[in-house]
Amino acid sequence: FQAEDGIRDKLVTGVQTCALPICQPVVIRDLAQSLCDDFQGRAAARSINIQNRVPEDLVASADSGRLEQVLSNLVDNAIKYSPSGSIVTIRSRETNDFVEVQITDNGTGLEEKEVGQLFTKFFRGRSIPGDQIKGSGLGLYLSKYFIEMHEGSIHATSQRGAGTCFTIQLPIEGGQV
């Protein structure tokens with residue numbers, strides 16, 4: 001286990017030396033549609049419906065590659081932790097000087113004590129009985145890191161048995177970054 005921890009530490013240390021993001025206008029609806037298209041096959045194989053409920057006019061100032069990586073991680077997690085017949089929804093709206101993006105699912109949800117640990121390095125939820133889902137525990141940690149690089153924020157709300165909602169706030173295009 002020590003060698004594995006060393007490898008993980010090197011991965012995370014390498015990320016921590018990333019340059020600041022190169023921000024440009026990102027049309028959130030277009031990115032959301034691209035994600036829906038990319039994950040459609042995986043979702044359909046599990047009878048999960050992905051919905052893009054993002055208005056056409058929302059533009060954030062972001063590094064498009066990093067934002068796509070974050071949203072892709074959130075959509076992937078939503079599919080992995082949702083039962084057959086579920087719905088994963090991407091929504092967005094403008095709030096003050098930010099664009100807010102939400103990824104919601106009606107999956108297994110988390111215990112309250114786990115929600116506070118979601119963005120901790122190497123954290124893996126323990127409340128899913130018989131959990132066979134693989135992961136490193138780095139996806140949400142890195143997602144938070146990338147969003148904070150953009151002077152944004154990310155948080156989650158969840159209820160056991162009712163699903164999870166991740167909310168990201170990013171500066172509106174043209175704002176200070």
Nearest-0.5 Å distance, CG of residue Asp76 to OH of residue Tyr81:
9.5 Å
Minimum-distance pair of heavy atoms, taken over all atoms of Glu151 and Phe98:
O-CE2, 3.9 Å
Residue pairs involving residues 25-36 (criterion salt bridge (charged side-chain N to carboxylate O under 4.0 Å, His left out); sequence neighbours excluded)
none
Tell me, do Val75 and Ile90 make a side-chain contact under 4.5 Å, heavy atoms counted?
yes
Taking side-chain hydrogen bond (donor to acceptor under 3.5 Å, both in side chains) as the test, write out the residues that go with Ser153, two or more places apart.
none
Within the distance-only criterion (no hydrogens, no angle test), does the side chain of Asp105 pair as donor or acceptor with the backbone N or O of Gly163 below 3.5 angstrom?
no
Residues forming a side-chain hydrogen bond (donor to acceptor under 3.5 Å, both in side chains) with Gln33, sequence neighbours excluded:
Asp37, Asn52
Minimal non-hydrogen separation, Ser84 against Ser47, with atom names
OG-CB, 3.4 Å
Heavy-atom pair of closest approach, residues Val26 and Ala62:
CG2-O, 3.6 Å
Answer whether the closest heavy-atom distance between the side chains of Leu74 and Ile168 falls below 4.5 Å.
yes
Once side chain to side chain contact (heavy atoms under 4.5 Å, CB included) is applied, do any residues pair with Asp38, and if so which ones, sequence neighbours excluded?
Ser34, Glu68
Heavy-atom side-chain proximity of Asn49 to Thr89 below 4.5 angstrom:
no
Enter the distance from Asn77:CG to Thr164:OG1 here, rounded to the nearest 0.5 Å.
9.5 Å
Any donor-acceptor pair under 3.5 Å linking the side chain of Thr167 with the backbone of His155?
no
Ignoring hydrogens, what is the shortest heavy-atom contact between Ile154 and Ile147? Give both atom names and the distance.
N-CG2, 4.2 Å
Mind checking what makes side-chain hydrogen bond (donor to acceptor under 3.5 Å, both in side chains) contact with Arg93, not counting sequence neighbours?
Glu100
Reported CZ-to-OG1 distance for the pair Phe166 and Thr104, which is rounded to 0.5 angstrom
11.0 Å
Sorted by first residue and then second, give each salt bridge (charged side-chain N to carboxylate O under 4.0 Å, His left out) pair with at least one member in residues 43-62; sequence neighbours left out.
none
Residue pair Gln51, Val88: steps toward the side chain to side chain contact (heavy atoms under 4.5 Å, CB included) verdict:
CA-CA 6 Å; Gln51 299 179 345; Val88 173; over 6 Å; no
How about Gln69 and Phe146: do any of their side-chain heavy atoms sit closer than 4.5 Å?
yes
What residues form a side chain to side chain contact (heavy atoms under 4.5 Å, CB included) with Ser72, not counting sequence neighbours?
Leu35, Phe39
Could you tell me whether a side-chain N or O of Arg91 sits under 3.5 Å from a main-chain N or O of Ile103, the two making a donor and an acceptor?
no
Might you work through the side chain to side chain contact (heavy atoms under 4.5 Å, CB included) test for Ser61 and Gln24, ending with a clear yes or no?
CA-CA 5 Å; Ser61 181; Gln24 57 192 8; over 6 Å; no
Is there a chain of hydrophobic side chains (I, L, V, M, F, W, Y, each step under 4.5 Å between heavy atoms) that links Val101 to Met149?
yes
Val54 vs Leu31, side chain to side chain contact (heavy atoms under 4.5 Å, CB included): CA-CA, chis, key distance, verdict:
CA-CA 10 Å; Val54 176; Leu31 179 54; over 6 Å; no
Give the minimum heavy-atom separation between Ser92 and Ile28, together with the two atoms involved.
OG-CG2, 3.9 Å
Would you please test Leu67 and Leu170 for side chain to side chain contact (heavy atoms under 4.5 Å, CB included) and show each step?
CA-CA 10 Å; Leu67 182 56; Leu170 294 167; 3.6 Å; yes
Among residues at least two apart in sequence or on other chains, which ones pass side chain to side chain contact (heavy atoms under 4.5 Å, CB included) with Glu148?
Lys144
With Asn73, which residues qualify under side-chain hydrogen bond (donor to acceptor under 3.5 Å, both in side chains), at least two apart?
Ser143
Is Asp63 close to His150 at the side-chain level, that is, under 4.5 Å between some pair of heavy atoms?
yes
Donor-acceptor under 3.5 Å (Ser82 side chain, Ile79 main chain):
no
Tightest non-hydrogen contact, residues Glu94 and Asn96, listed as OE2-O, 4.0 Å
